[in-house]
Asks: 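Before I ask anything, here is the structure I am working with.
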Amino acid sequence: MKVFAGFISAIVVIIAGITGFVFSGIYNVSAMAPHWSITSDILEEARDQSISYHSKDIDVPLLNDHKMEEAGFHHFQDTCRFCHGAPGIARDEFAQGLYPSPPDLASSDVLQEMNDAEIFWIVKNGLKMTGMPAFGVTHRDPEIWDMVAFIHRLSTLQPDLYKAMVKEAD
């Protein structure tokens, strides 16, 4: 019985401590102040596990289609480049203040860290508290797959070629 009472007391103290911390305002939620290391680790792990779990049953179409890449380019140029930048094009000014910072989709790192189903899921559903909107509200699945196809090509584009694509699209 003493063990049970001690356990309950410990739970009450922990809940009181967390409540006191939350209502104290001590934790700095400014986008200019990075999370504590442990906070980042927990949030990143929760994000990665959630994306993996929710994208596991997504069927990925063949993405090596030039028409998909071209259509994806237009969607990327109209929606994504503002926050993510593009080869030879920096993020827009407002996006430089986002925390966490949007990933550089022109980097091959993105394709090494996530599979196509995960990228699709993120673009379609967005990510809470990151500034990443849910494009599934405004775009149909085929359009989102076009964006995923273009993201594959993005890491191979040189800045001059990307700028030529933009000029041709105008």
Side-chain angles (χ1 to χ4, degrees), residues 29-35 37 39-170:
V29 297
S30 165
M32 293 178 63
H35 288 299
S37 178
T39 306
S40 290
D41 292 345
I42 291 169
L43 291 173
E44 288 172 11
E45 188 62 31
R47 178 202 61 209
D48 294 347
Q49 293 301 320
S50 178
I51 293 167
S52 177
Y53 175 81
H54 290 283
S55 66
K56 69 180 179 232
D57 294 326
I58 295 175
D59 292 323
V60 178
L62 291 175
L63 298 174
N64 58 348
D65 179 330
H66 182 69
K67 288 183 181 182
M68 287 179 76
E69 291 175 359
E70 186 176 329
F73 161 75
H74 292 285
H75 290 295
F76 182 90
Q77 181 65 12
D78 291 343
T79 59
C80 308
R81 72 168 169 85
F82 300 106
C83 293
H84 295 280
I89 300 172
R91 296 177 176 118
D92 275 14
E93 182 178 2
F94 77 91
Q96 294 174 22
L98 290 174
Y99 184 81
S101 183
D104 177 3
L105 297 178
S107 166
S108 61
D109 294 344
V110 171
L111 296 175
Q112 292 172 1
E113 294 172 9
M114 291 181 278
N115 63 43
D116 296 329
E118 291 170 334
I119 296 170
F120 173 86
W121 188 89
I122 292 169
V123 174
K124 182 174 181 169
N125 296 284
L127 294 172
K128 292 178 182 177
M129 297 187 292
T130 66
M132 177 63 195
F135 285 104
V137 174
T138 57
H139 292 71
R140 295 176 301 112
D141 285 1
E143 294 169 317
I144 295 171
W145 282 119
D146 291 345
M147 287 188 254
V148 175
F150 182 71
I151 289 169
H152 269 274
R153 183 165 181 222
L154 196 57
S155 67
T156 65
L157 292 177
Q158 296 299 316
D160 291 344
L161 180 55
Y162 188 86
K163 288 177 183 174
M165 291 170 69
V166 170
K167 191 172 189 174
E168 183 180 315
D170 287 340

Asks: Quick check: closest heavy atoms across A95 and C83, and the distance to 0.1 Å?
Replies: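 Heavy-atom minimum between the residues: CB-CA, 3.5 Å.
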Asks: Side-chain contact, heavy-atom cut-off 4.5 Å: M114 with I122?
Replies: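 Sidechains of I122 and M114: in contact.
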Asks: If you take all heavy atoms of N125 and A134, which pair is closest and at what distance?
Replies: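 Minimum heavy-atom contact is O-CB, 3.2 Å.
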Asks: Can a donor-acceptor pair be found, under 3.5 Å and without considering hydrogens, that links the side chain of T156 to the backbone of R153?
Replies: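 Yes: the side chain of T156 pairs with the backbone of R153.
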Asks: Indicate yes or no: at least one non-hydrogen side-chain atom of S101 is less than 4.5 angstrom from one of R91.
Replies: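 Yes, their side chains come closer than 4.5 Å.
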Asks: Nearest 0.5 Å, what's the CG-CG distance between L111 and L105?
Replies: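 One finds 8.5 Å between CG of L111 and CG of L105.
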Asks: Considering only residues two or more places apart or on different chains, which pairs with a residue in residues 81-103 satisfy ring-ring contact (aromatic ring centres under 6.0 Å, His included)?
Replies: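 Only H35-Y99 qualify under ring-ring contact (aromatic ring centres under 6.0 Å, His included).
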Asks: Tell me if a side-chain donor or acceptor on R81 pairs with a main-chain N or O of Q77 at a distance below 3.5 Å.
Replies: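 Flag set: sc R81 to bb Q77 pair under 3.5 Å.
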Asks: Do the ring planes of Y162 and F76 sit parallel (below 30°), tilted (30 to 60°) or perpendicular (above 60°)?
Replies: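 Perpendicular: the ring planes of Y162 and F76 meet at over 60°.
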Asks: Quick check: are there more than 12 heavy atoms from other residues, nucleotides or ligands sitting under 6.0 Å from CG of D170?
Replies: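 Enclosed: over 12 neighbouring heavy atoms sit under 6.0 Å from CG of D170.
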Asks: Sequence neighbours excluded, which residues qualify as side chain to side chain donor-acceptor pair (under 3.5 Å) partners of E45?
Replies: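 With neighbours one apart ignored, the set is Q49.
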Asks: Not counting sequence neighbours, list each pair that qualifies as a salt bridge (charged side-chain N to carboxylate O under 4.0 Å, His left out) and has a residue in residues 138-149.
Replies: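 Of all non-adjacent pairs touching residues 138-149, those that pass salt bridge (charged side-chain N to carboxylate O under 4.0 Å, His left out) are K124-D141.
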Asks: So how far is it from D116 CG to L62 CG, rounded to the nearest 0.5 Å?
Replies: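 Nearest 0.5 Å value for the CG-CG distance: 10.5 Å.
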Asks: Once rounded to the nearest 0.5 Å, what's the spacing between atom NZ of K56 and atom CD of E118?
Replies: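 One finds 12.0 Å between NZ of K56 and CD of E118.
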Asks: Using the ring-ring contact (aromatic ring centres under 6.0 Å, His included) rule, collect all pairs that involve residues 103-149, keeping only residues at least two apart or in two chains.
Replies: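 Counting only pairs at least two positions apart or across chains, the ring-ring contact (aromatic ring centres under 6.0 Å, His included) contacts touching residues 103-149 are H54-W121, H75-H139, F120-W145, F135-H139.
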Asks: Give the minimum heavy-atom separation between A169 and H74, together with the two atoms involved.
Replies: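 Heavy-atom minimum between the residues: CB-CE1, 3.6 Å.
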Asks: Please examine the side chains of P87 and Q158, heavy atoms only from C-beta on, and report whether any two atoms are closer than 4.5 Å.
Replies: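 Side-chain contact under 4.5 Å: no.
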Asks: When rounded to the nearest 0.5 angstrom, what is the spacing between CE in M165 and CD in E168?
Replies: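 Spacing of CE (M165) from CD (E168) equals 8.0 Å.
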Asks: Among residues at least two apart in sequence or on other chains, which ones pass side chain to side chain donor-acceptor pair (under 3.5 Å) with S107?
Replies: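 Expected list: D109.
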Asks: Residues two or more places apart in sequence or in another chain: which of them pass salt bridge (charged side-chain N to carboxylate O under 4.0 Å, His left out) with D104?
Replies: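 Applying salt bridge (charged side-chain N to carboxylate O under 4.0 Å, His left out) to D104 gives none.
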Asks: Using a 4.5 Å cut-off on heavy atoms from C-beta on, say whether the side chain of F73 contacts that of V166.
Replies: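 Of all side-chain heavy-atom pairs linking F73 with V166, at least one is under 4.5 Å.
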Asks: How far apart are the C-alpha atoms of N64 and H152, what are their side-chain angles, what is the distance that settles it, and do they pass the side chain to side chain donor-acceptor pair (under 3.5 Å) test?
Replies: CA-CA 9 Å; N64 58 348; H152 269 274; over 6 Å; no
Asks: Within the 4.5 Å heavy-atom criterion, are I51 and L127 side-chain neighbours or not?
Replies: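 In short, these two side chains touch, coming nearer than 4.5 Å.
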